[in-house]
Protein chains: 2
Amino acid sequence: MLESTRVTVSTREQLLRSAARLFREQGFHGTSVAEIASAAGITKSSLYHHFASKQALLGEILEDTVSRATPAVEAIAAADLPAAERLREAARCHVVELIHDQDKVACFVEEGRYLAPELREVFVAKRDRYEQSFRRILADGVRSGELRPVSVGLASLAVLGMCNSVVHWYQSSGPLSVETVAEEFADLAVKSLLREQPSGGAEPGGRSLVGSSASGTVPA
Amino acid sequence: MLESTRVTVSTREQLLRSAARLFREQGFHGTSVAEIASAAGITKSSLYHHFASKQALLGEILEDTVSRATPAVEAIAAADLPAAERLREAARCHVVELIHDQDKVACFVEEGRYLAPELREVFVAKRDRYEQSFRRILADGVRSGELRPVSVGLASLAVLGMCNSVVHWYQSSGPLSVETVAEEFADLAVKSLLREQPSGGAEPGGRSLVGSSASGTVPA
DNA sequence: AGTAGCCGACCGAACGGTCGGACGGTTTTC
DNA sequence: GAAAACCGTCCGACCGTTCGGTCGGCTACT
């Protein structure tokens with residue numbers, strides 16, 4: 001078996017990470033190839049030994065993201081659980097994954113549209129397939145009566161839009177843990193679509209995350 | 001009274017509109033000043049007669065947006081109504097305004113971060129003030145018990161993130177009317193935060209917007 | 001000897017921005 | 001009332017810089 005897990009990441013992966021971070025901070029067009037190379041500790045010429053073009057760099061970032069995230073939500077969507085629970089789990093998974101690799105996912109959400117036409121077709125198809133899992137869950141829930149009879153297309157765009165917005169303001173150095181945000185957002189998604197509240201009253205002492213207005217102090 | 005309403009918009013406004021459209025489509029850094037000028041029917045040199053820099057162009061687009069949208073939601077936030085109704089109205093207003101001037105608002109949401117540091121401070125402050133209206137409504141609702149005891153900061157980011165995502169996929173040429181989207185999204189926002197469903201059962205025949213999966217076929 | 005990785009030097013094109021002046025319509029001056 | 005001064009608007013030509021990308025060659029490991 002050639003090469004087990006390394007301590008130092010490969011130059012190639014380092015380039016991808018630097019590119020993702022810079023694309024996220026400055027945008028695809030606002031970032032120069034020389035900057036990316038410099039952030040990875042090499043020169044622009046050397047970068048072109050690893051990647052054919054700036055476009056290829058972006059393409060691979062998106063590919064990484066989608067190939068890691070899609071299987072997880074597809075498994076959740078196919079699970080033998082009530083739609084509401086699948087929705088909660090999918091939204092939670094989505095947010096966790098998004099924060100875990102925030103730079104790359106931010107590129108997926110924000111910079112994917114700058115892909116050259118040929119690569120963009122592939123990208124859009126894969127993104128659609130990802131979103132399909134959410135539509136499937138919602139459609140199941142509406143059909144079974146578990147969820148309110150909303151427009152499935154509209155509602156899944158709403159849920160994904162809500163969850164995706166996390167990339168804009170979340171900072172791991174802040175006071176909020178990944179799990180806190182993920183569960184709260186999943187909860188909002190489920191409750192916005194549930195047909196009826198589970199019970200009239202209790203959820204007795206529930207850890208409630210009350211107050212604290214200025215939690216997510218937004219940068220940029 | 002010098003000059004009543006014109007039939008042809010001023011060159012200046014034409015430049016702002018062209019810039020907003022191109023910034024939205026290609027990003028701030030992906031759009032050249034010459035492109036903007038050309039789209040407005042003049043040359044790059046002439047553009048610099050109306051605006052001091054590319055940055056100033058972006059700054060004015062954001063200023064236009066915030067100065068039009070803020071008073072509306074602040075009035076709603078200050079109205080003498082239950083928090084849930086104010087939330088519904090604010091979200092509805094937000095989405096309507098967003099679609100009405102989609103190009104400029106998209107710049108506000110996506111390209112604002114590319115403002116030069118000095119202008120960006122002002123921009124962030126005004127955006128915060130806008131968001132403050134939503135936090136105020138949510139805080140009122142939580143305090144009065146009308147809404148669930150969620151984190152106000154987190155929930156308002158969620159609501160705004162959900163609503164803002166509309167700029168990414170809505171197209172006025174599509175099958176969905178502005179009002180349909182606005183009301184549906186406002187409904188999702190309210191229901192995700194309401195403490196209890198208004199009644200156990202009915203909402204009898206309610207126009208339900210059912211089905212139709214592939215409603216918002218996403219471009220880009 | 002081969003090759004993976006890296007680099008300095010370079011290329012043409014495009015960038016944001018400047019400059020001096022042309023054009024036409026008003027206002028001022030004699 | 002004609003001439004002169006003015007002004008908003010526009011343009012072509014140009015500036016220095018930076019861009020994405022290429023190329024030939026150097027090094028080090030196998």
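Throughout, protein chains are lettered first and strands after them, A, B, ... in sequence-line order, and every chain is numbered starting at 1.
- Looking at the side chain of S45(B), the nearest of the listed nucleotides dG20(D), dC10(D), dC11(D) is dC11(D).
- Across the protein-nucleic acid pair, I36(B) atom CD1 and dC15(C) atom C1' stand 12 Å apart, rounded to whole Å.
- Here the P atom of nucleotide dG20(D) and the CZ atom of F51(A) are 15 Å apart, to the nearest Å.
- Each of dG8(C), dG20(D), dC10(D) was ranked by its minimum atom distance to the side chain of T43(A); first place goes to dG8(C).
- For the pair I42(A) CD1 and dC26(D) P, the interatomic distance rounds to 20 Å; values are reported in whole Å.
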Q) Hey, mind stepping through Y130(A) and H94(A) against ring-ring contact (aromatic ring centres under 6.0 Å, His included) and telling me if it holds? A) CA-CA 10 Å; Y130(A) 182 84; H94(A) 182 81; 5.5 Å; yes
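- Note on S32(A): a side-chain N or O is less than 4.0 Å away from OP1 or OP2 of dC19(D).
- Of the candidate nucleotides dC6(C), dT9(D), dC19(D), dT9(D) has the atom nearest to the side chain of H50(B).
- Using a 4.0 Å cut-off between charged side-chain N and carboxylate O, R92(A) and E89(A) make a salt bridge.
- With rounding to whole Å, Q26(B) atom CD is found 14 Å from dA14(C) atom P.
- Side-chain atoms of H49(A) lie closest to dC6(C) of the nucleotides dG20(D), dG17(C), dC6(C).
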**Q.** Stepwise ring-ring contact (aromatic ring centres under 6.0 Å, His included) check, Y114(B) with F23(B)
**A.** CA-CA 11 Å; Y114(B) 299 130; F23(B) 287 164; 9.6 Å; no
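- Of all nucleotides listed (dC7(C), dG16(C), dC11(D)), dG16(C) comes nearest to the side chain of K54(B).
- Distance CZ/F108(B) to CZ/R127(B): 6.5 Å, rounded to 0.5 Å.
- Counting only heavy atoms from C-beta on, Y48(B) has its side chain closest to dG17(C) among dC15(C), dG17(C), dC10(D).
- Atom CG of L15(A) and atom P of dG5(C) are 11 Å apart (whole Å).
- With rounding to the nearest 0.5 angstrom, the CG atom of L154(B) is 10.5 Å from the CG atom of L138(B).
- With hydrogens and angles ignored, a donor-acceptor pair closer than 3.5 Å exists between the side chain of K44(A) and the base of dG20(D).
- In this structure, the CG atom of L47(B) is 15 Å from the C1' atom of dG8(D), given to the nearest Å.
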